[in-house]
*Asks:* 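My structure is below; once you've seen it, I'll send some questions.
Here the structure is a predicted model, which is why all the values come from computation and not from measurement.
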Amino acid sequence: MARSANLETLVAHQFGSQAAAYVASPVHAQGEDLRAMQAEVETVRPVAVLDLGCGGGHVSFAAAPFAGTVTAYDLSSDMLAAVSAEAAKRGLSNIVTQQGSAERLPFADASFDMVMSRFSAHHWGDVLTALSEAFRVARPGAILVFADAVAPTAVVNDTFLQSFEMLRDPSHVRDYSPTEWQTMLAGAGFTVTGTQMRRLRIDFDSWIARMRTPPVFVEAIRALQAAVSEEVRAYFEIEEDGSFTFDTAVFVARR
């Protein structure tokens, strides 16, 4: 229990201090994956949406025009305050915020028609428990739409990805492979209906600045990039300035 509480405190600290940066971040504010998630909401027109680990609120903002209510849920009170302020600026009065952990949802059974999450689950201490909670609060027939970075199948590429993610942000837990995701979703009770794979280019300087990564760890990431094999370098398309490309996925499932 102490280990989980410590992780949650670390996550809240890491992201709370950077709330405004995540609201403004182009990587989070746009992208084909976000448009795909919005399209799912537009098709379903749910009465109630839950945005798990809402971060800068971009899924909530995308969903709000097509939903009755959207609950933006996050560990960080600072992040939620930033989301509320941005929602007010945009005139999105149907977004409400709630603070808490993904593994312990303070909602009644069958509360939501759609459960969504984007670039958050790799910070969760127990993804299967969180998915089981998502299943519990989802109504029968509800849609789940999750997006995240995903681990490569080649072990050496997986090891490199987890290493530089942890160096950049110590609250990182794990990027899971598509197969791991499908297994966890099925284990929680969901039926996976679609998986969309994409590649995402990350600008190194803004990636580091967004998390205020200490210089010693920035140098460690650069040293790691310089030391890897040509196969790893090619897979991640590592550029001279440290920018790179990795895999992401959007998973759609039904309760």
Side-chain angles (χ1 to χ4, degrees), residues 11 15 22 25-40 51-53 55-56 58-59 62 102 116-124 127-128 130-131 144-188 190 192-208 210-211 213 220-222 224-253:
V11 172
F15 288 91
Y22 274 82
S25 166
V27 170
H28 294 81
Q30 58 194 19
E32 292 181 17
D33 63 321
L34 184 59
R35 288 190 288 272
M37 296 178 81
Q38 185 180 51
E40 292 288 340
D51 180 8
L52 279 177
H58 301 294
V59 169
M116 310 183 80
S117 184
R118 180 173 180 250
F119 294 128
S120 177
H122 58 271
H123 295 287
W124 300 349
V127 174
L128 183 55
L131 289 174
L144 176 141
V145 187
F146 270 38
D148 209 349
V150 292
T153 55
V155 175
V156 65
N157 292 335
D158 185 2
T159 300
F160 176 75
L161 175 65
Q162 310 302 339
S163 297
F164 73 64
E165 286 266 49
M166 180 66 78
L167 285 168
R168 183 243 184 182
D169 172 15
S171 72
H172 174 77
V173 176
R174 177 164 178 77
D175 294 322
Y176 299 91
S177 71
T179 300
E180 287 174 312
W181 265 110
Q182 290 161 1
T183 299
M184 290 188 294
L185 286 164
F190 290 99
V192 178
T193 59
T195 301
Q196 303 172 26
M197 296 290 298
R198 293 181 175 85
R199 298 275 287 172
L200 177 65
R201 182 186 179 276
I202 297 295
D203 175 77
F204 187 87
D205 289 342
S206 61
W207 180 65
I208 292 300
R210 196 160 51 244
M211 192 48 63
T213 304
I221 295 169
R222 291 192 182 279
L224 185 60
Q225 287 182 331
V228 296
S229 68
E230 285 305 315
E231 290 83 358
V232 173
R233 180 178 301 281
Y235 185 85
F236 289 100
E237 301 175 37
I238 298 171
E239 302 170 28
E240 286 298 317
D241 69 349
S243 299
F244 60 92
T245 299
F246 66 97
D247 300 314
T248 68
V250 175
F251 302 96
V252 181

*Asks:* Mind checking the OH-CH2 spacing from Tyr176 to Trp124? Nearest 0.5 Å is all I need.
*Replies:* 10.0 Å
*Asks:* On a heavy-atom basis, which atom in Leu34 and which in Ala62 lie closest, and how many Å separate them?
*Replies:* CD1-CB, 4.1 Å
*Asks:* So how far is it from His58 NE2 to Arg118 CZ, rounded to the nearest 0.5 Å?
*Replies:*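 Here the interatomic distance stands at 7.5 Å.
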*Asks:* Per the ring pair (Phe, Tyr, Trp, His ring centres under 6.0 Å) rule, which among Phe204, Phe236, Phe164 passes with Phe244?
*Replies:*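 In the set Phe204, Phe236, Phe164, the residue that makes a ring pair (Phe, Tyr, Trp, His ring centres under 6.0 Å) with Phe244 is Phe164.
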*Asks:* Kindly compute the distance separating CG (Asp158) from CD (Gln162), expressed to the nearest 0.5 Å.
*Replies:*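 Taking CG in Asp158 and CD in Gln162, the distance rounds to 5.0 Å.
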*Asks:* Is any side-chain heavy atom of Val59 closer than 4.5 Å to one of Val145?
*Replies:* no
*Asks:* Taking the side chain as C-beta and beyond, is there a heavy-atom pair between Asp175 and Glu165 under 4.5 Å?
*Replies:*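 Sidechains of Glu165 and Asp175: in contact.
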*Asks:* Counting only N and O atoms by type, is there a donor-acceptor contact under 3.5 Å from the side chain of Gln196 to the main-chain atoms of Val250?
*Replies:*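 Side chain of Gln196 to backbone of Val250, a donor-acceptor pair under 3.5 Å: no, none is there.
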*Asks:* If you define the side chain from C-beta out and look only at heavy atoms, does anything of Trp181 sit under 4.5 Å from Thr195?
*Replies:*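 No; the side chains remain at least 4.5 Å from each other.
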*Asks:* If you measure from CG on Asp169 to CE on Met211, what distance do you get to the nearest 0.5 Å?
*Replies:*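 Result: 4.0 Å between the selected atoms.
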*Asks:* Is the backbone of Val252 close enough, under 3.5 Å, to the side chain of Thr193 for a donor and an acceptor to pair up by distance?
*Replies:* yes
*Asks:* Is there a side-chain contact between Leu131 and Phe146 (heavy atoms, below 4.5 Å)?
*Replies:* yes
*Asks:* Shortest non-hydrogen contact from Thr213 to Arg168?
*Replies:*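 The answer is OG1-O, 2.9 Å.
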*Asks:* Quick one: are Leu161 and Pro152 in side-chain contact, heavy atoms under 4.5 Å?
*Replies:*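 Answer yes - side chains close enough.
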*Asks:* So which heavy atom on Ser120 is nearest to which on Ser117, and how close?
*Replies:*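 Distance-wise, the nearest heavy atoms are CB-OG, 3.7 Å.
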*Asks:* What I'd like to find out is whether the side chain of Ile221 reaches to under 4.5 Å of the side chain of Trp207, using heavy atoms alone.
*Replies:*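 Side chain of Ile221 against side chain of Trp207, heavy atoms only: contact under 4.5 Å found.
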*Asks:* Does the ring center of Phe251 lie less than 6.0 Å from the ring center of Phe190?
*Replies:*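 That pair fails the under 6.0 Å test.
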*Asks:* With side chains defined as the heavy atoms from C-beta onward, is the minimum distance between Val127 and Val173 less than 4.5 Å?
*Replies:* no
*Asks:* Quick one: which of Arg199, Arg201, Arg198 gives a salt bridge (charged side-chain N to carboxylate O under 4.0 Å, His left out) with Glu32?
*Replies:*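 The passing option is Arg198.
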*Asks:* Can you tell me if Ser206 uses its side chain to pair, donor with acceptor, with the backbone of Asp203 under 3.5 Å?
*Replies:* yes
*Asks:* Look up atom OG1 in Thr245 and atom CG in Leu200, then write down how far apart they are to the nearest 0.5 Å.
*Replies:*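 That separation rounds to 7.5 Å.
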*Asks:* Mind checking the CG-CG spacing from Asp148 to Asp247? Nearest 0.5 Å is all I need.
*Replies:*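 Spacing of CG (Asp148) from CG (Asp247) equals 12.0 Å.
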